[in-house]
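First comes the structure, then the notes that go with it.
Both ligands and their constituent atoms are indexed starting at 1 by order of listing. Quantities reported herein were computed from a predicted structural model and do not represent experimental measurements.
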Amino acid sequence: MDAPRIIRKLRDREEPTQAELNWFARGLASGGVSDAQAGAFAMAACVNGLSEDARVALTLAMRDSGDVLEWDLPGAVIDKHSTGGIGDCTSLLLAPMLAAAGAFVPMISGRGLGHTGGTLDKLEAIPGVSTDVDEARFRKMTRDIGCAIVSAASDMAPADKRLYAVRDVTSTVESVDLITASILSKKLAAGPEALILDVKTGSGAFMESLEASTALAEALVKTANGAGCKTAALITDMNQPLAPAAGNALEVAVIMEALTAPKNSRLVEVTLALGAELLVLAGIETEAETAAIKLSEPLTSGKAAEIFDRMIAEMGGPKDFASDWKRRLPEANVIREIPAPTAGVVAALNGRGIGIGVVHMGGGRLKGGERIDPSVGYSEILELGTRVVKGQPLARLHAASERAAQEAEKAFLASVEIGEAASPGSLIVAKVG
Ligand code: URA
């Protein structure tokens with residue numbers, strides 16, 4: 001086999017075989033395929049698109065370019081993935097809740113990408129925590145605690161690492177086929193038997209329009225099922241932050257509140273909806289409604305908090321974090337309110353603008369590999385539809401310096417619209433699969 005022939009097939013809208021795609025993915029992982037060939041491959045796939053079968057074949061080839069985990073555990077092995085948003089800390093809540101319900105959740109997560117936050121950065125806001133655990137410890141945590149949220153080992157889906165880097169510099173990131181193969185190759189390498197996808201839509205999402213979010217959800221669901229993993233997706237609203245906070249330690253604080261003093265919120269609603277669908281997909285429950293009731297029990301009983309605590313301690317964090325988290329989380333130097341410039345109703349919150357505000361404060365990365373400041377961001381963000389008087393706080397900002405605070409305030413105010421009325425859409429917009 002050779003790379004030019006496989007690229008030519010894609011260029012001419014012919015279907016490469018599974019064997020050819022396996023060969024190409026192995027070449028991406030080993031370096032046998034050059035950057036030029038990887039770029040041409042990505043561009044041909046991006047411009048011509050892949051058939052459903054070819055998308056499944058590419059996903060499997062990329063998954064199999066490295067280690068694929070197999071499990072022998074006394075319960076279902078399940079996972080969740082979100083396409084990313086603002087204040088989206090659902091994974092931190094859902095994984096211990098699912099573990100408390102008797103499932104096993106080996107969750108390989110990512111860092112912040114663009115304007116969106118990443119689960120690993122949030123976890124590492126807890127002093128001492130390192131999400132870089134080796135495979136043996138990942139397996140042990142999953143078996144003994146029921147959940148583990150870690151970064152991908154370098155030998156999992158290595159073809160994606162290479163192709164992603166090439167896509168980033170060849171204007172081919174946007175291809176739904178390549179996004180699908182990229183996300184799923186990593187998720188499926190962790191060996192789940194069922195997967196729920198949270199595809200965000202709206203101003204804080206990668207795919208802002210409902211049309212684009214639906215196309216991505218459909219491609220992901222069809223491909224994952226085609227690759228043998230029972231999968232469904234919920235399309236959920238990202239026209240405002242999901243939690244009332246954006247920033248790493250600030251979102252951990254929201255999670256700790258939810259785990260230790262649970263009350264209804266948009267975050268809990270989405271978490272329960274995703275978890276309930278997943279328990280049904282995995283055959284643990286038959287009805288989503290009863291699954292949601294069952295899943296909320298570990299929140300109120302404190303069992304999910306206990307599991308979260310064990311996971312944090314195992315990753316190097318403080319013991320008994322759940323009882324002591326307020327004292328442990330890092331605090332920014334400058335903390336102050338952002339007053340409403342006029343009276344009215346919070347009519348729009350631009351998620352992308354808020355996320356970029358956090359990145360510029362140092363809570364995310366402008367260049368790969370940068371260290372982030374876990375303490376910064378926005379908290380107590382008012383929900384759409386809240387009526388305010390002039391001067392009332394719209395949110396609190398947490399910044400490293402007075403200068404950063406001034407910029408962050410400007411960025412936030414540019415992302416908020418105060419008007420006559422708000423029309424927030426449904427939180428759960430649609431189900432796919
Ligand atoms: N996240 C991924 O892992 N891959 C993509 O291509 C886009 C988002």
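- Protein heavy atom closest to atom 3 (O) of ligand 1, with residue, atom name and distance, is K186 NZ, 2.5 Å.
- Under a 4.0 Å criterion applied to the non-hydrogen atoms of S182, ligand 1 contributes the atoms 2 (C), 3 (O), 4 (N), 5 (C), 6 (O).
- With sequence neighbours excluded, the residues forming a side chain to side chain donor-acceptor pair (under 3.5 Å) with E20 are K9, T17, listed by chain and number.
- W325 places a side-chain heavy atom less than 4.5 Å from the side chain of E257.
- At a cut-off of 3.5 Å, with distance as the only test, no side-chain donor of S82 or K200 sits close to an acceptor on the other residue.
- Donor-acceptor pairing under 3.5 Å is lacking for the side chains of S203 and N350.
- E208 is linked by a side chain to side chain donor-acceptor pair (under 3.5 Å) to R352, counting only residues two or more places apart in sequence or in another chain.
- Ranking the protein heavy atoms by distance from atom 1 (N) of ligand 1 puts I183 CG1, 3.8 Å first.
- Looking at Y164 against ligand 1, only its side chain comes within 4.0 Å, counting heavy atoms.
- Protein heavy atom nearest atom 8 (C) of ligand 1, with residue, atom name and distance: L113 CD2, 4.0 Å.
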